[in-house]
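Numbers here are sequence positions counted from 1.
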Amino acid sequence: MQPRIEVISEKKLVGLSTRLSLTQNRTAALWQSFQNRKKEITNAINTDRISLQLYDANYFRDFNPSKEFTKWAAVEVFDFSSVPSDMQTLIIPAGEYAVFHYKGSSTDNSIFQYIFSVWLPKSDYALDNRPHFEVLGDKYKNADPSSEEDIYVPVRKK
């Protein structure tokens, strides 16, 4: 699977976030909380949901599934003029991304194993220290094998 390389413009997000690790994964609870409140966000650009991960600079060095990172459940908005109470804002800076169109269950992590252990080492790119995110559009169906999403991995030329 080859990604498309895309330069994205800055994106403004509104949503909820939490600290977690792969071994202490609370993603389902985060998304349940967010889905219950998503309708409060009145200035969303579209109906896509954004699942985003903020990793510390050394997260992928000496990988350990117990290392914590920040996980977001959010939507992209036009501006921050109308942020519901107790929700947070985040700006994804403009930059270059490898974008993988993935079709399959969200419970199958083999796509991420492929990206980080096969594609990235063989590519002309290195991982950049910016947010990683998935765009969950109309064809996203969570654990369904026919689900589709776009996976955005921040990259820079080696």
Side-chain angles (χ1 to χ4, degrees), residues 1-39 41 44-56 59-60 63-78 90-158:
M1 174 186 288
Q2 287 301 308
R4 71 181 186 271
I5 303 300
E6 185 177 316
V7 176
I8 68 163
S9 56
E10 176 183 279
K11 295 181 180 295
K12 294 175 176 64
L13 304 183
V14 170
L16 299 173
S17 72
T18 190
R19 292 287 289 176
L20 54 81
S21 70
L22 295 176
T23 57
Q24 297 290 318
N25 193 339
R26 294 183 302 280
T27 300
L30 172 67
W31 274 100
Q32 184 176 12
S33 294
F34 178 71
Q35 286 294 98
N36 289 338
R37 299 198 54 211
K38 189 177 87 156
K39 64 186 172 294
I41 303 169
I45 287 178
N46 54 39
T47 59
D48 293 347
R49 291 154 293 154
I50 308 291
S51 178
L52 183 141
Q53 297 72 231
L54 287 176
Y55 300 109
D56 298 331
Y59 181 85
F60 291 99
F63 177 75
N64 178 337
S66 297
K67 282 185 184 178
E68 286 194 340
F69 59 94
T70 302
K71 179 83 168 186
W72 280 76
V75 295
E76 186 176 0
V77 295
F78 290 105
L90 178 74
I91 294 176
I92 301 174
E96 197 166 28
Y97 279 83
V99 183
F100 294 83
H101 183 75
Y102 173 67
K103 186 173 183 175
S105 174
S106 58
T107 60
D108 179 1
N109 291 318
S110 62
I111 183 63
F112 293 102
Q113 292 169 347
Y114 169 77
I115 291 169
F116 295 111
S117 62
V118 177
W119 180 81
L120 193 59
K122 292 180 179 180
S123 76
D124 295 333
Y125 295 91
L127 203 54
D128 203 5
N129 187 24
R130 288 179 284 117
H132 297 231
F133 63 97
E134 296 82 44
V135 175
L136 313 176
D138 294 336
K139 294 182 179 180
Y140 180 76
K141 299 175 189 150
N142 198 6
D144 189 302
S146 67
S147 182
E148 295 183 39
E149 64 187 273
D150 285 328
I151 299 169
Y152 285 72
V153 178
V155 294
R156 58 178 166 71
K157 285 283 195 180
K158 286 183 180 171

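Side chains of V153 and L120 form no contact here, defined as non-hydrogen atoms less than 4.5 Å apart. Between D48 and E76, every side-chain heavy-atom pair lies at or beyond the 4.5 Å cut-off. Looking at Y125 and K157, their side chains come closer than 4.5 Å, going by heavy atoms from C-beta outward. For the pair F63 and L22, the minimum side-chain heavy-atom distance is below 4.5 Å. The shortest distance between side-chain heavy atoms of Q35 and R49 falls below 4.5 Å. Y102 has its side chain out of reach of E134: every pair of non-hydrogen atoms, C-beta onward, lies at least 4.5 Å apart. In this structure the side chain of V135 reaches within 4.5 angstrom of the side chain of I50, judged on heavy atoms.
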Given F133 and L90, is the side-chain contact (heavy atoms from CB on, under 4.5 Å) satisfied, shown in steps? CA-CA 12 Å; F133 63 97; L90 178 74; over 6 Å; no

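Of all heavy-atom pairs spanning S147 and K141, the tightest one is OG-N, 2.7 Å. Closest approach of P131 to L54, counting heavy atoms only: CG-CD2, 3.5 Å. Residues S106 and N109 come closest through the heavy atom pair O-OD1, 4.3 Å. Of all non-hydrogen atoms in V155 and A98, the two that sit nearest each other are CG2-N, 3.7 Å. Taking all atoms of both residues into account, the shortest heavy-atom contact from L20 to R26 is CD2-N, 3.7 Å. Annotation for E96 and R130: closest pair O-NH2, 2.6 Å, computed over non-hydrogen atoms.
With values rounded to the nearest 0.5 angstrom, E68 atom CD is found 6.0 Å from S21 atom OG. Note that CZ of R19 and CG of L30 are 13.0 Å apart. Values are rounded to the nearest 0.5 Å. In this structure, CD1 on I92 lies 5.0 Å from CG on L52, to the nearest 0.5 angstrom. Residue L13 holds its CG atom at 9.0 Å from CD1 of I45, rounded to the nearest 0.5 Å. Atoms CG and OH, from L127 and Y55 in turn, are 9.5 Å apart once rounded to the nearest 0.5 Å. Atom NZ of residue K139 and atom OG of residue S146 lie 10.5 Å apart, to the nearest 0.5 angstrom.
When only modelled atom types and interatomic distance are considered, Y140 and N142 share a side-chain donor-acceptor pair under 3.5 Å. In this structure, a donor-acceptor pair under 3.5 Å is present between the side chains of K71 and S51.
Looking at residues two or more places apart in sequence or on another chain, you find a side-chain hydrogen bond (donor to acceptor under 3.5 Å, both in side chains) between R37 and E40.
No option in Y59, W72, F60, F69 other than F60 meets the ring-ring contact (aromatic ring centres under 6.0 Å, His included) test with H132.
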Throw together a table of side-chain donor-acceptor distances under 3.5 angstrom for residues 1-10, partners on residues two or more places apart or in other chains.
unit_1	atom_1	unit_2	atom_2	d
Q2	OE1	W119	NE1	3.4
R4	NE	E6	OE1	2.9
R4	NH2	E6	OE1	3.2
E10	OE2	K12	NZ	3.2

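No more than 12 heavy atoms of other residues, nucleotides or ligands lie within 6.0 Å of NZ in K122, so this atom counts as exposed by the packing criterion. No more than 12 heavy atoms of other residues, nucleotides or ligands shown are found within 6.0 angstrom of CG on D138.
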